[in-house]
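Structure first, commentary second.
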Amino acid sequence: MVKNITVFTTNTCAYCSMVKRWLDAKGFGYDVVNLDQNPERQAEALKASGALTVPVTIVTKHDDTQEVIVGFNLARLAPAVAA
């Protein structure tokens, strides 16, 4: 079961919009961290993902384990939110 979903995004990221639209269509709630508006959180996204790109989606389970998905990767995102 999913406890929390956080999507790190920027204003110009097309893949970020695709992730958010997919989550919306599936009825999942999520938090958005816009790195253009919150540049101080860039290190948080980098530490979690090891990537300098967005979207970075962090799925936190009820046991506090996390799955980090970089980009619009439904092969990883769908099972992460379904578990």
Just distance, no hydrogens or angles: give the donor-acceptor pairs under 3.5 Å from side chains in residues 46-53, sequence neighbours left out.
from	atom 1	to	atom 2	distance (Å)
S49	OG	A45	O	2.8
S49	OG	A51	N	3.0
S49	OG	A51	O	3.3

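Among residues two or more places apart in sequence or in another chain, the side chain to side chain contact (heavy atoms under 4.5 Å, CB included) test is passed with D36 by T10, N11, N34. Under the side-chain hydrogen bond (donor to acceptor under 3.5 Å, both in side chains) criterion, E44 pairs with R41, not counting sequence neighbours. Partners of T60 according to the side-chain hydrogen bond (donor to acceptor under 3.5 Å, both in side chains) rule, which considers only residues two or more places apart in sequence or in another chain, are Q66.
Annotation: side chain of N4 is in contact with side chain of D31 (closest heavy-atom distance under 4.5 Å). Residues T57 and T6 have side chains not in contact (no heavy-atom distance under 4.5 Å, counting atoms from C-beta outward).
Sorted by first and then second residue, the salt bridge (charged side-chain N to carboxylate O under 4.0 Å, His left out) pairs involving residues 13-26 (not counting sequence neighbours) form an empty list. Sorted pairs that involve residues 31-65 and meet disulfide bond (SG atoms under 2.5 Å apart), not counting sequence neighbours, are lacking altogether. Applying the disulfide bond (SG atoms under 2.5 Å apart) test to pairs two or more places apart or on separate chains, those with a residue in residues 3-54 are C13-C16. Residue pairs meeting the salt bridge (charged side-chain N to carboxylate O under 4.0 Å, His left out) criterion with at least one partner in residues 63-73, sequence neighbours excluded, are K3-D64, E67-R76.
Within the hydrophobic cluster formed by Ile, Leu, Val, Met, Phe, Trp and Tyr side chains joined at under 4.5 Å, directly or through other members, V33 is accompanied by F8, L35, V54, V56, I58, V68.
Shortest non-hydrogen contact noted between V19 and G71 is CG2-O, 3.9 Å. The minimum heavy-atom distance between P55 and V7, with the atom names listed, is CB-CG1, 4.3 Å.
Note: L23 CG to F28 CZ = 7.0 Å, rounded to the nearest 0.5 Å. Residue L74 holds its CG atom at 6.0 Å from CH2 of W22, rounded to the nearest 0.5 Å.
Under the 4.5 Å side-chain heavy-atom criterion for Ile, Leu, Val, Met, Phe, Trp and Tyr, V70 and L77 are members of distinct hydrophobic clusters.
Atom OH of Y15 has 12 or fewer heavy atoms from other residues, nucleotides or ligands within 6.0 Å.
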